[in-house]
Every structure is written in C-alpha cells, then in structure tokens.
Number of protein chains: 2
Amino acid sequence: MSATPEHRVSTGERINDQEPAGHLQRELRARHIRLTRQRRVVVQVMESAARHLDANEILELAQQIDPEITQVTVYRTLELLKRHALIDELDLLHLRGHRHFYESHGPRDHIHVACVGCGKVREVESPLYEELKQQISRDCGIEISVARTEIGGLCEACRAKA
Amino acid sequence: MSATPEHRVSTGERINDQEPAGHLQRELRARHIRLTRQRRVVVQVMESAARHLDANEILELAQQIDPEITQVTVYRTLELLKRHALIDELDLLHLRGHRHFYESHGPRDHIHVACVGCGKVREVESPLYEELKQQISRDCGIEISVARTEIGGLCEACRAKA
DNA sequence: ATAGATGCAAATATTTTGCCGCCAG
DNA sequence: CTGGCGGCAAAATATTTGCATCTAT
C-alpha cells in the first residue's frame, strides 16, 4: 500500500508510535488523579495495545498482569480516561457488534477506515481532515473537543473475492 | 449523570427537507421487499422524524399509529433498512448514553456536530468532506459504503454560560 | 486522616434469538 | 400457497449503581 507523504496510512495492526511509553500515567499524575494499582494496570494495557480493544479484552489483558482487577473497575477507569480526553471511544461502525473500542488518544486525530467484509481497520491522517474540522469549528462557532470519523466499505481484497 | 429533562428537549432539530415523503416505502417496493403493515409504520415514522430518534422513541411513535407493533419488529426493521443503506445509524458521541439513533439516509452525507454541553446537534455538509472521502477511497483502495463523522465541542451559548 | 477508589452483587439498558402462527405477494 | 415476517418470551450482551471496605496521598 502506498502512502503519500501527505497523509500517512497505517494498515491493520495499530502501531502506537506517536506516544512515549508511560504517557497516560504521566498525564494522570500531572492532573493529580489518584494512581491506584488498578489504574496503572489498565493504563499499561492501553499503552501497549497493538489494536483496538473492547472493554472485555482490556479486562482480560489486565487480569494477566493483575488477576484481582474487575470489569467494573475497567469500566470506571475507561470512563475516567475518556472524561479527561486521554482515550477515544470508537464503535467501528458496529461491524463487530455493539460494543465499544478504545484507543489512547494521540496528538493528532485520525480517521478509522474499516472494511465491512473482513473487518480490517486502517488509521488515516490527512491535512484535509484538519482543514475540515477548522472549517466546521468556524462555521458552527464550536470549540471542538472530540472528533470521530469512521468510514466503511469493501477493501480491494474483499472486492476481488466477491 | 443521566439525562435531565432539559437535555431531552434539545436533541437537535432535524429538518428533513432533502427527501420526498414516501421515499423509503418506494425504495422498499423497488427492491421487492415485503411491505408489511408494520414496516410501513416504521418507515412513516422515520420519514416524518424532526430529529434523531432512538429505537425506543421509534417504537413509541410507531405505537401511536399502530399499537400492535413491538420493539422486536422495530429492531428487525431498522436492521433491514440499515442493511439496504436506507437509514444511517449514529450514536452522537454517546452524549446521551449508549443507545443508537437513526435517520433516513439523504442523498448526501453530512457531518453531525454536537454540543457536549447542551446536546444540540447540527448537521453540516461540506465539499471538503466529499473531497476527503474521495482521497481516502483512493488511498485505501476502498469502495466507501458508509461514512460517519461526529464532532463534539462546546457551542457559543454553552461557552458563555461557563 | 480522609476523600475517593475498589469489589461484589444486583440492577439497568440494549439488542438478539427460538419458535410458532400468520400474512403479503 | 408458501416463504418470509411479526409476536412473545427469554436469552445474550453491555454497562451502571448502591454500598461496605480499603487505600493513595
């Protein structure tokens, strides 16, 4: 897949190369948010995630580190991180049921492009997207705090199969 | 934490001026999809909706027309319409909980801009958005069938209040 | 010391499914 | 006539809450 220098395209697995390890934990500390054992674990899972995880997958990974942690705590921690805009919540067009997926919030927004056939998800950045958001902010007089774009369609491979 | 009565009021006025009445019903007929009494009712509700409705609101409005209709049928009909790309499913950034909202699919995609303060939702079209989708389609080799953009932030009125 | 977090269990909320009788085409 | 559809009840999924206890700061 050719990505032009203009807009970088990453495929399938999510490579978290935009954020230094420990970023979330540092952010929490900076905001004087209580850093419990459980929160450290969830945050660690989020930071090392190679793909988008749902609440249950986060629980399972967290329990491999600390079996004591519960689903309720995972939900409450996700809620906390979301409220502080440290993670984003996606649903990837409900292609895989109605659960939500989470990813740590990088410095730049990206678009999620999902194949409705095979479910593969790509993350795309584009200056055009930044421009669009600015235009909307101006036109609607809104101070944007969250932006989510999810695009679905058939990828080349799946079109070939059909 | 749940929606206050005031919030309920302002789920965003939606003026449905893009589609002729009866559009959905005609589409179903054209596709040789069985037009049952219940489907006619749901479709009628969707077409006359002045704002984004969730599955339960659709049921309630449908029952005012035909008290026999059940929630299960509403879900199955929404699923059908969604599968045929006649309606879009939104969640409006989960500003109002984790339910889904539905709107009949107009000729052009639009962006949903929601105020995280008052919950008002505005629909915006932009040539820039069309351009962005084309760029993504090209770069990712994807044939786009769904595009959903939801943007959140504080509107002017809510910033003034704060 | 104490505000705030966690665990447990139960409550909510939302959507889906199996089965059978019924109706649109 | 008949295959798909709707109703009912129950299941499956997903998320939230009350309350007692514990812990990070």
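In what follows, chains are A, B, ... by sequence order, proteins preceding strands, each numbered from 1.
Within 4.0 Å (heavy atoms only), A:R34 reaches at least one base atom of the nucleic acid. At a threshold of 4.0 angstrom between heavy atoms, the contacts of B:Q71 with the nucleic acid are absent. Counting any heavy atom pair closer than 4.0 Å across all strands shown, B:E79 reaches no nucleic acid atom.
For B:Y75 and C:dT15, the shortest distance from a side-chain N or O to OP1 or OP2 is below 4.0 Å. Contact annotation: B:T36 reaches the phosphate of D:dG6 (side-chain N/O to OP1 or OP2, under 4.0 Å). Regarding contacts with the backbone of C:dA5, every side-chain N or O of A:T73 stays at 4.0 angstrom or more from both OP1 and OP2. Residue B:H100 has a polar side-chain atom (N or O) positioned under 4.0 Å from OP1 or OP2 of C:dT15. Contact check, A:Q38 against D:dA24: no side-chain N or O comes under 4.0 Å of OP1 or OP2. OP1 or OP2 of D:dG6 lies within a sub-4.0 Å distance of a side-chain N or O belonging to B:R39.
More than 12 heavy atoms of other residues, nucleotides or ligands lie within 6.0 Å of CZ in A:R159, so this atom counts as buried by the packing criterion.
Counting only heavy atoms from C-beta on, A:V72 has its side chain closest to D:dT17 among D:dT17, C:dT15, D:dT15.
Two residues are said to be in side-chain contact when any heavy atoms from C-beta on lie closer than 4.5 Å; B:E150 and B:D91 meet this criterion.
The distance between atom CD of A:E68 and atom C1' of D:dT23, rounded to the nearest whole Å, is 14 Å. Atoms CZ (B:R83) and P (C:dT15) sit 17 Å apart, rounded to a whole Å. Look at CD1 on B:I69: it is 12 Å from P on D:dC8, rounded to the nearest Å. Between B:R40 atom CZ and C:dG25 atom C1' there is a gap of 12 Å when expressed in whole angstrom units. In this structure, the CG atom of A:L78 is 11 Å from the C1' atom of D:dT15, given to the nearest Å. One can place CG of A:N56 at 16 Å from P of D:dA12, the figure rounded to the nearest angstrom. Note: CG (A:D66) to P (C:dA5) measures 18 Å, nearest angstrom. Rounded to an integer number of Å, the gap from CG of B:D91 to C1' of D:dA14 is 14 Å.
The base of C:dA24 has none of its N or O atoms less than 3.5 Å from a complementary donor or acceptor on the side chain of B:R37. Within 3.5 Å, no donor on the side chain of A:R76 pairs with an acceptor on the base of C:dG4, nor the reverse.
Nearest-nucleotide assignment on DNA chain C puts the 5′-proximal partner with A:H98, out of B:I33 and A:H98.
Between B:R51 and B:E57 a salt bridge is recorded (basic side-chain N to carboxylate O distance below 4.0 Å).
A donor-acceptor contact closer than 3.5 angstrom is absent between the side chains of B:H84 and B:E27.
Applying the salt bridge (Lys or Arg N to Asp or Glu O under 4.0 Å) test between B:D66 and each of B:R40, B:R39, B:R37 identifies B:R37 as the sole match.
When ring centroids are compared, A:H98 and B:H98 stay outside the 6.0 Å threshold.
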